[in-house]
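Please read through the structure below; I'll follow up with questions.
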Protein chains: 2
Amino acid sequence: MDQGVALFHPEQMDLRLSKSSQVYELLREAIISLRLAPDAPILEREISAQLGVSRTPLREAILQLATENLVRIAPSDGTFVNRIIPSEVLQGQLVRDTIEMRLTRLAARNFGDTFEKDFELSLFRQSSAAKRQDVDEFFALDNEFHRLICQCAGFPEAWQTIHGATGQLDRCRRLAFSLEAHYSAVYDEHAAMYEKLRTRDEDGVAEIFQVQLDSTFPSIDILLRERPDVVAGAEADFDIALIR
Amino acid sequence: MDQGVALFHPEQMDLRLSKSSQVYELLREAIISLRLAPDAPILEREISAQLGVSRTPLREAILQLATENLVRIAPSDGTFVNRIIPSEVLQGQLVRDTIEMRLTRLAARNFGDTFEKDFELSLFRQSSAAKRQDVDEFFALDNEFHRLICQCAGFPEAWQTIHGATGQLDRCRRLAFSLEAHYSAVYDEHAAMYEKLRTRDEDGVAEIFQVQLDSTFPSIDILLRERPDVVAGAEADFDIALIR
DNA sequence: TCCTTGATGTTTATATACCAATATATCGGC
DNA sequence: GCCGATATATTGGTATATAAACATCAAGGA
């Protein structure tokens, strides 16, 4: 009813996972990429029909998104995609700046040779996606790269914690990325990080990662300038000094 | 069938929340307190009957617990309480040591007088629970105290991230607590932290919090000595040096 | 003896239908 | 135009049924 063309199709799903997980991944990607825009309603009946699943797994997926504050469930009213909430973007930045930074240092300290081929494959795919200017793919590979670092640090489950706390931040980074398309800069940073990891240069990898983290702040500026409509509240809420 | 007496009763539930959330809190508390022991099966039919809710909200609660790795869902086999997983205890410690430490410092920097009464009420209730030697209550208030600090730091949602990452750690702390019952030491630390927060002494509060964080390591020793049966894997897996 | 095979029962995973509660929109009356 | 009754849509929760996967164990053959 709402859209002329359906946003979701059954063939998008990854059949190896449970239905709930498949639907969750699909919805999350749609929200992060802004294909599902802030304030857009999520109709259980409509989406379950589009995807060919029942309300049960769909509801489970939506609940998960609600715990990440990506959607807002208003009982007896509807479920809606949340706008980008400045304080939660900053919270995500705080999480990356603390845990992920610590894990990245640990990964350098404990780097094991068995990860070499994983990193090299990841970097190759990144360069490939960069050449094709494929935002979706590159952004997914960016996440995979950092998840790989968590594994390398010996705390693979920690990625879940980080990922669950950076939904709002990801929307912001992703949007800035699609507007700026600075593929090569990010690729170069990742390649440099890998070199430092491989040589167990803890301070070296931390320094580069800090640069990448700080590049979020210009992204926030871009977001505010280009798409104030997707942000909740006033510009002043982005008080970056709060976390420095 | 499994137990002579039912672990759960309908009257335990907090009616202000949704059924899913009520069941989630109840199950989580039971797991953290070890009333639901590791390897114990969680039967959807049985528990939904005990609590007087249908399988749908119960399942949603179980799924949430599964994302925290407190339970393991084996499709077509059963759902079981996980043992305490050393690497995830350390991960929880890592999370507290990084994010929560940062937030605690922020709370001191931004302390607002409106929080004074909240802290004072919390401390009063802590001392009351300590007098009564009420482990359940004191442990819950301990968590509430740290959550309050997150609020005070301006990132109330961040508690969710911390809480979701420290389930395994909490079981360990909680068990050591019930074996040691060092109520007064923890209360004194909290009172001292509040004093430092109130006077906006960032380094001061950080120092005390660090002491409290470090007290986890003796707790791990207690856990290994007294209850090796609830731990997954070998003692050697607790390689604390990994995160120092 | 050992291995394979298949029957059987249990459990989760999903689907479906239905009811309750409630927020919102609609529409009529003034 | 404003207000209130009513209709409608949506989530929350219940109940039940079916499917699919798996563990277990007995039976049977090499």
Side-chain angles (χ1 to χ4, degrees), chain A residues 1-3 7-27 31 36 39-82, chain B residues 1-3 7-27 31 36 39-82:
Chain A
M1 302 288 197
D2 273 315
Q3 302 113 359
L7 257 174
F8 301 103
H9 310 282
E11 61 270 22
Q12 297 171 319
M13 302 209 292
D14 180 344
L15 297 176
R16 291 165 307 183
L17 301 172
S18 71
K19 290 256 190 350
S20 304
S21 308
Q22 296 170 44
V23 175
Y24 166 77
E25 295 293 344
L26 221 55
L27 286 178
I31 292 171
L36 260 182
D39 293 332
I42 296 183
L43 282 166
E44 291 184 0
R45 268 211 334 274
E46 180 177 331
I47 296 191
S48 74
Q50 284 183 10
L51 286 175
V53 302
S54 73
R55 272 182 68 196
T56 307
L58 175 62
R59 252 178 75 84
E60 291 167 352
I62 291 176
L63 271 179
Q64 188 65 35
L65 293 168
T67 69
E68 296 176 32
N69 257 303
L70 288 175
V71 305
R72 169 177 49 91
I73 300 176
S76 315
D77 182 10
T79 299
F80 306 90
V81 179
N82 264 335
Chain B
M1 303 293 193
D2 272 315
Q3 301 112 0
L7 259 174
F8 301 103
H9 309 281
E11 61 269 24
Q12 296 171 320
M13 301 210 293
D14 180 345
L15 298 176
R16 292 164 305 184
L17 301 172
S18 72
K19 288 247 173 36
S20 303
S21 309
Q22 296 170 42
V23 175
Y24 167 76
E25 297 292 347
L26 221 55
L27 286 179
I31 293 171
L36 261 181
D39 292 334
I42 295 183
L43 283 167
E44 292 185 0
R45 270 208 330 274
E46 179 177 330
I47 296 192
S48 74
Q50 284 183 10
L51 286 175
V53 301
S54 70
R55 276 183 62 201
T56 306
L58 173 62
R59 223 187 111 67
E60 290 166 352
I62 292 175
L63 275 178
Q64 188 65 36
L65 293 168
T67 69
E68 297 176 31
N69 257 303
L70 288 176
V71 305
R72 169 176 51 90
I73 300 177
S76 318
D77 182 12
T79 299
F80 305 89
V81 179
N82 264 333

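Sequence lines set the chain letters: A, B, ... in the order given, protein chains first and strands last, and positions in each chain run from 1. Atom set for the values below is all heavy atoms of this structure, side chains included, hydrogens, waters and symmetry mates excluded.
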TODO: Would you mind telling me which of C:dT14, D:dG13, C:dT11 lies closest to the side-chain atoms of B:Ser20?
DONE: D:dG13
Open item on the list: Can you tell me how far apart OG1 (A:Thr79) and CZ (A:Arg59) are? Round to the nearest 0.5 Å.
Closed with: 9.0 Å
TODO: Could you tell me the separation between the OH atom of B:Tyr24 and the C1' atom of D:dG13, rounded to a whole number of Å?
DONE: 21 Å
Open item on the list: Of the options C:dA13, C:dT16, D:dG13, whose atoms approach the side-chain atoms of B:Ile73 most closely?
Closed with: C:dA13
Task: Candidates D:dT10, D:dG13, C:dT14 - which lies nearest the side chain of A:Ser54 - done: C:dT14
Open item on the list: When you measure from the side-chain N and O atoms of B:Thr79 to the phosphate of C:dT12, is any distance below 4.0 Å, counting only OP1 and OP2?
Closed with: yes
TODO: To the nearest Å, give me how far apart CG (B:Leu43) and P (C:dT10) are.
DONE: 11 Å
TODO: Can you tell me the distance, in whole Å, between the CG atom of A:Leu51 and the C1' atom of C:dT14?
DONE: 14 Å
Find every protein N or O atom lying less than 3.5 Å from an N or O atom of nucleotides 17-26 of chain C, and list the pairs.
unit_1	atom_1	unit_2	atom_2	d
C:dT22	O4'	A:Ser76	OG	3.1

- [ ] Using a 4.0 Å heavy-atom cut-off across all strands, classify A:Leu58 as base, sugar-phosphate, or nothing.
- [x] nothing
Task: Value in whole Å for how far the C1' atom of D:dT16 lies from CD of B:Glu44 - done: 14 Å
Open item on the list: If you assign B:Ile42 and A:Thr56 each to the DNA chain C nucleotide with the nearest heavy atom, which residue ends up on the more 5' nucleotide?
Closed with: B:Ile42
- [ ] Quick one: pull up NZ in B:Lys19 and OG1 in B:Thr56 and give me the separation to the nearest 0.5 Å.
- [x] 11.5 Å
- [ ] Nearest whole angstrom, please: distance from the C1' of D:dT10 to the CD1 of A:Ile47.
- [x] 14 Å
- [ ] Under 4.0 Å from any atom of DNA chain D, heavy atoms only: list the residues of residues 59-70 of chain A that qualify, in numerical order.
- [x] A:Arg59
Open item on the list: Are A:Leu58 and A:Leu27 packed together at the side-chain level, in the sense that at least one heavy-atom pair is separated by less than 4.5 angstrom?
Closed with: yes
Task: Minimal non-hydrogen separation, B:Ser20 against B:Ala61, with atom names - done: O-CB, 3.7 Å
Task: Heavy-atom check, side chain of A:Ile42 versus side chain of A:Val81, under 4.5 Å - done: yes
Sequence neighbours left out, cut at 3.5 Å: what donor-acceptor pairs do the side chains of residues 62-71 of chain A make with other protein atoms?
unit_1	atom_1	unit_2	atom_2	d
A:Thr67	OG1	A:Gln64	O	2.7
A:Glu68	OE1	A:Arg28	NE	3.1
A:Glu68	OE1	A:Arg28	NH2	3.4
A:Glu68	OE2	A:Tyr24	OH	2.4
A:Asn69	ND2	A:Glu88	OE2	3.4

Task: Spacing of OG belonging to B:Ser21 relative to CD belonging to B:Glu60, to within rounding of 0.5 Å - done: 9.0 Å
